[in-house]
J.: 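Here it is, the structure in full.
A, B, ... follow the sequence lines: proteins, then strands. Residue 1 opens every chain.
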Number of protein chains: 4
Amino acid sequence: MKTKQIAIVGASGYSGEELVRLLLSHPHAELSAVTSRQYAGQTLAQVFPKFAHHARARGLHFSEPNAELLAKRAEIVFLALPHGVAAEFATPLLRLGCQVIDLSADFRVKSAAVYKEFYAHDHPAPELLSQAVYGLPEVYRAEIKRASLIACPGCYPTSILLPTLPLLRAGLVKPTGIIADSLSGVSGAGRKAELDYLFVECNESVRPYGLPKHRHLSEIEQELSLAAGTPVILQFTPHLIPVNRGILTTLYLAPAQDWVAARAMDELGGKMAACYQAAYGVEPFVRLLEGKALPDTKNVVGTNVIEIAWRLDPRTGRLVVMSAEDNLVKGAGGQAVQCLNLMCGFPETAGLV
Amino acid sequence: MKTKQIAIVGASGYSGEELVRLLLSHPHAELSAVTSRQYAGQTLAQVFPKFAHHARARGLHFSEPNAELLAKRAEIVFLALPHGVAAEFATPLLRLGCQVIDLSADFRVKSAAVYKEFYAHDHPAPELLSQAVYGLPEVYRAEIKRASLIACPGCYPTSILLPTLPLLRAGLVKPTGIIADSLSGVSGAGRKAELDYLFVECNESVRPYGLPKHRHLSEIEQELSLAAGTPVILQFTPHLIPVNRGILTTLYLAPAQDWVAARAMDELGGKMAACYQAAYGVEPFVRLLEGKALPDTKNVVGTNVIEIAWRLDPRTGRLVVMSAEDNLVKGAGGQAVQCLNLMCGFPETAGLV
Amino acid sequence: MKTKQIAIVGASGYSGEELVRLLLSHPHAELSAVTSRQYAGQTLAQVFPKFAHHARARGLHFSEPNAELLAKRAEIVFLALPHGVAAEFATPLLRLGCQVIDLSADFRVKSAAVYKEFYAHDHPAPELLSQAVYGLPEVYRAEIKRASLIACPGCYPTSILLPTLPLLRAGLVKPTGIIADSLSGVSGAGRKAELDYLFVECNESVRPYGLPKHRHLSEIEQELSLAAGTPVILQFTPHLIPVNRGILTTLYLAPAQDWVAARAMDELGGKMAACYQAAYGVEPFVRLLEGKALPDTKNVVGTNVIEIAWRLDPRTGRLVVMSAEDNLVKGAGGQAVQCLNLMCGFPETAGLV
Amino acid sequence: MKTKQIAIVGASGYSGEELVRLLLSHPHAELSAVTSRQYAGQTLAQVFPKFAHHARARGLHFSEPNAELLAKRAEIVFLALPHGVAAEFATPLLRLGCQVIDLSADFRVKSAAVYKEFYAHDHPAPELLSQAVYGLPEVYRAEIKRASLIACPGCYPTSILLPTLPLLRAGLVKPTGIIADSLSGVSGAGRKAELDYLFVECNESVRPYGLPKHRHLSEIEQELSLAAGTPVILQFTPHLIPVNRGILTTLYLAPAQDWVAARAMDELGGKMAACYQAAYGVEPFVRLLEGKALPDTKNVVGTNVIEIAWRLDPRTGRLVVMSAEDNLVKGAGGQAVQCLNLMCGFPETAGLV
């Protein structure tokens with residue numbers, strides 16, 4: 001299989017670092033350029049000693065990001081940049097013939113107006129929105145294979161969408177009143193020197209933040225609405241918890257039909273199981289938990305797997321669905337590599353197991 | 001003020017240890033006996049070196065629990081025992097003239113049938129249920145003052161009831177469809193040598209457990225129903241998070257009246273604020289957060305304070321209420337001491353600030 | 001007992017915050033001013049919600065630091081500032097008649113030349129060095145009582161000096177070849193927005209730093225030399241470990257006399273115990289561990305206690321001494337309050353138990 | 001390259017679990033049996049959900065350990081058992097023709113008398129001691145290649161021996177007065193349901209333990225003595241710190257020649273660098289840090305790499321050497337797989353990068 005030349009723009013943030021980790025071990029990718037304004041001129045191994053023992057890390061230096069140079073050295077470019085900045089690089093890179101896998105929020109929502117509402121500035125490249133494909137392989141596998149611009153989903157959206165979309169599509173749950181309560185490790189905040197994310201401020205602390213209108217709602221509601229065939233408004237509460245990695249999401253949903261009777265419960269339980277099995281039974285990175293097992297972030301950290309479990313509550317008539325993922329892998333770099341594999345015709349799990 | 005002689009039965013668990021900490025510094029209490037089957041014969045300072053510098057800790061040895069002896073040495077006895085066992089001690093202690101403050105679940109629910117449903121065995125002392133007072137001072141202050149048997153609320157119930165009861169009582173929220181999503185530190189599981197609570201199994205891990213029918217629902221729903229004047233069924237999902245102490249609860253509620261319009265929102269916001277102010281404005285241990293502040297367990301750990309904040313979501317029409325408490329203080333030992341203070345006519349904050 | 005008016009300059013760092021915590025509960029101190037350039041104008045409760053329930057916190061606002069104003073509002077001023085800056089405030093405050101308790105390094109070393117060697121700039125107020133008293137109550141109690149300028153020891157120095165000084169003074173250990181290996185919680189690095197102290201960079205990480213010539217060596221060696229009566233050079237390796245608070249120091253010392261024989265060991269063990277007992281037997285904040293007990297930071301966190309244990313190793317002929325303290329209490333704010341108590345004639349343990 | 005059939009006895013402890021992780025991804029190994037008395041009958045994926053997505057994990061069930069059956073299913077057997085128990089399996093497995101890689105302490109010391117001194121019971125299979133090879137590839141590579149019984153070093157020994165052996169062999173440091181101060185993550189204590197290792201007892205805690213005569217001293221001193229050509233007695237202090245994985249060791253050594261002069265320092269520094277370079281310059285799993293870099297466990301966790309850095313202290317004349325490793329990889333399972341690779345003629349890094 002032909003090796004692809006890959007560049008990462010913004011390789012010193014947590015998502016960028018995770019991409020580096022994954023691509024250094026990828027059997028069909030060659031990391032030919034990594035950029036970082038902060039560390040330009042230093043070797044990859046100086047900034048991240050943990051990569052020093054990778055033979056392929058040895059020649060790599062961080063450089064200033066420059067679209068022309070990147071286009072000469074890479075066929076596919078990952079953007080691990082803040083929103084707004086990512087689009088500035090996507091435009092010239094696409095023009096120069098690169099394929100772009102963007103991990104920022106810039107191309108996730110299809111409407112420039114929605115983008116402005118949630119990100120508080122005009123979209124920097126609205127003309128590209130129509131060609132961007134939302135990089136959720138379990139949903140858009142076919143589109144990703146032929147895309148030149150991938151908008152990788154955010155970490156929260158992945159943890160919410162994968163458990164919810166099949167149920168909405170199958171009409172098993174109501175599109176109204178959905179609640180997502182999410183717990184995220186601190187790497188989700190990025191590698192930023194801010195007081196709020198100091199060890200002492202996060203350790204022995206648990207706190208909600210960013211409610212009720214978190215930016216990720218824009219893409220989540222877009223995808224939920226597409227699956228439901230009707231506009232979906234989500235209640236979403238993110239919390240910060242003292243772990244490095246991992247997102248645990250608990251979803252509260254209402255079954256579409258009234259069912260609180262032992263027999264109806266069995267029937268609905270069977271439909272739910274069948275729905276999930278149909279959606280994800282052969283997916284390499286979705287683990288449907290059985291029996292008494294419940295998701296635990298420690299079972300997925302470092303992997304591209306999302307765990308999903310659900311419970312019907314006969315007392316409330318409600319459905320509780322839980323998911324666990326690594327916010328930096330299935331929620332960022334791993335999913336991006338999964339997209340890369342699809343775009344290049346590599347095995348979908350290459351470099352991810 | 002006359003000093004009271006106090007005993008703690010089961011003083012080597014996490015709740016018991018916290019009671020020791022609080023009572024050693026209490027201005028009007030004298031800890032005259034501590035029991036522990038496991039550590040009987042050892043001094044308090046040998047088992048818990050951190051107490052060695054308290055002058056009052058010096059004479060204290062752990063003894064085997066014995067109701068006759070305890071009744072000779074103490075006027076008030078705290079029970080920090082597993083459910084089922086607590087009732088066995090409460091019965092003789094009450095007969096011998098002691099007042100009993102029970103931190104277990106044994107006397108929290110008023111119905112022996114509900115107890116059996118949730119705890120899977122017959123109630124060990126159903127004849128005492130009618131005299132037990134639920135030890136939530138913000139709700140049952142008058143009753144606590146004249147009680148001889150206090151059933152201290154569980155840690156989750158306190159974090160859920162205090163934010164919810166005033167709204168239900170005032171009819172501001174619907175009694176249906178309430179959801180409580182709670183995150184608890186590991187001390188909530190008790191000092192038990194079980195694999196699930198080893199450092200390596202809890203650190204870098206976040207996980208739900210015990211859903212959808214957690215035992216604490218029995219007392220929570222009892223109190224919610226009393227406040228609402230109608231049976232309330234709660235959706236409750238507890239999660240285990242890697243902190244020693246602290247519970248963060250996020251509640252999802254539906255305002256009683258439709259209000260999604262800017263003006264109605266202001267009005268409802270005003271009613272909410274007034275409702276909480278009326279309920280807790282002068283409470284010494286309830287902190288209503290203002291402005292942009294949100295609860296954070298690190299602001300309450302080690303204190304008897306519960307923080308409460310709320311947000312009306314104009315997009316969903318829902319009300320999100322959040323609380324933070326220390327599960328071992330306001331959720332256990334601190335609340336128990338608050339009850340002690342009320343029972344004895346001490347200042348309610350004695351030993352708690 | 002007459003209440004003293006107290007001010008804290010630099011009250012928003014970790015040491016300053018700890019001073020606030022201790023002084024709000026101090027029976028004879030009234031906190032009349034807190035300064036912070038960063039938070040000037042905000043109330044104490046806005047910046048630190050955890051203090052909001054202290055009645056005495058209510059009127060307090062952070063102000064810009066101004067010596068004239070501080071001298072009007074306080075008789076005693078704590079400086080919790082970076083080195084270099086502290087001296088700038090100490091000079092006018094002393095002139096205006098205040099007593100100053102400085103938690104920085106500015107007045108710890110008696111020689112301006114040594115200061116310059118270790119801190120890389122000229123001493124900002126060398127004329128004050130002779131009047132400053134090193135604020136280690138167990139050693140300089142008499143001097144502290146009549147001092148107007150206290151130089152509180154650093155957190156590492158306290159953890160090293162208290163276990164070592166009595167042995168050197170008694171001539172039980174050689175003054176040569178001493179090694180101190182210390183482990184510090186992250187609050188020791190201060191509340192600084194730097195990448196190195198982000199949660200993700202510290203959690204699941206253990207690392208040495210600042211060796212072999214850490215700044216604290218200047219004061220440690222000064223005090224060790226005074227006790228030994230001869231210059232002492234120390235080997236010191238600090239490490240950063242993922243806890244909020246606490247320092248654990250392990251010291252390696254050589255007994256002054258060769259003793260590796262069972263009988264000599266008993267004799268030396270007896271001398272060691274007698275030496276520590278004589279030095280600290282009645283000290284309120286030094287806990288000499290007996291039997292098999294070893295120091296553990298969790299036994300001292302939140303208290304002003306330092307735990308000390310020692311072991312003679314018959315295989316190596318060496319003495320291993322271990323200490324545990326809370327770097328923000330006995331290593332900073334608590335020790336400073338202990339000095340305050342001595343200066344004002346309050347009970348030495350006031351506000352500290 | 002021919003695939004080898006591999007079994008793991010005791011696969012549900014932390015070392016065993018790590019072996020499973022490594023062998024499931026090993027290109028030339030096929031895990032054909034895993035045993036666990038506790039979990040016999042359950043699938044690997046039920047006990048460790050995180051392995052469920054490995055295609056090769058699917059058929060695997062935990063079985064009761066039985067030497068006859070194991071010998072039928074595997075050519076090479078890893079023993080991840082407590083000391084004493086491991087020897088009971090090694091004897092029949094070797095007789096049945098298997099090669100054995102033992103992760104316990106049973107075959108690490110060459111003298112049954114030393115074993116008894118440190119482990120407090122007679123050696124269970126002294127006749128095998130002479131054929132066992134100490135599984136430290138950087139030292140015994142040739143012997144490992146032709147061994148049938150490997151005694152994998154302990155986690156502390158690896159972190160101490162690799163930095164020290166080259167210096168002793170080269171005569172650059174004195175064989176006397178060596179001190180090793182080590183900090184270990186909690187997984188080093190094993191997956192044991194004991195109160196001491198509960199999350200709440202370890203989190204926010206740092207503590208020394210097991211000094212001054214830890215069991216690992218037996219093997220460490222054996223290997224140090226062999227390298228020095230003279231008996232070496234080590235001062236060793238282990239500490240428990242709240243991380244899942246990782247050992248950080250700080251070593252204090254005396255250069256063989258007096259050197260405290262700037263010029264001699266340069267010369268000695270050069271010799272040190274040359275010595276380490278000669279020993280480890282081409283080793284795939286030893287990272288010699290340059291410049292200002294110091295070891296950090298977070299740089300090695302999950303890898304088979306050990307980081308080493310050193311500092312000459314011109315003030316004390318001493319040499320400080322620091323190392324960082326993952327106690328479960330280079331300190332246990334990873335090193336065992338490295339031995340496997342050598343024994344089977346696989347590339348030494350197979351399955352380890």
J.: Which answer fits A:Asp296, side chain, backbone, both or neither, if we ask what part of it has an atom under 4.5 Å from a heavy atom of chain D?
T.: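 No part of it gets close to chain D.
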
J.: To the nearest 0.5 Å, what is the distance between CD on A:Glu290 and CD on D:Gln46?
T.: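 A:Glu290 atom CD to D:Gln46 atom CD measures 9.0 Å (nearest 0.5 Å).
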
J.: If you count heavy-atom pairs within less than 4.5 Å of chain D, which of A:Pro284, A:Gly291, A:Ala293 leads?
T.: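 Looking at each option in turn, the highest pair count goes to A:Pro284.
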
J.: Which atom pair, heavy atoms only, marks the closest approach of A:Val286 to D:His53?
T.: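 Scanning both residues completely, I find the closest heavy atoms to be O-NE2, 3.3 Å.
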
J.: Just wondering, more than 12 heavy atoms not from A:Arg37 lying within 6.0 Å of its CZ?
T.: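 No - once you tally the heavy atoms of other residues, nucleotides and ligands closer than 6.0 Å, there are 12 at most.
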
J.: Can you say whether D:Asn244 sits under 4.5 Å from chain A via the side chain, the backbone, both, or neither, judging by heavy atoms?
T.: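 Neither the backbone nor the side chain of D:Asn244 comes within 4.5 Å of chain A.
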
J.: Looking at every non-hydrogen atom in both residues, tell me the closest pair between D:Lys50 and A:Asn299 and how far apart they are.
T.: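 Result for this residue pair: CB-O, 3.2 Å.
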
J.: Please look at A:Phe285 and chain D and tell me whether the side chain, the backbone, both or neither of the residue comes under 4.5 angstrom of a heavy atom of that chain.
T.: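 A:Phe285 touches chain D through backbone heavy atoms alone.
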
J.: Between D:Glu307 and A:Pro49, which heavy-atom pair has the shortest distance, and what is it?
T.: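 Looking at all heavy atoms of both residues, the shortest contact is OE2-CB, 3.8 Å.
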
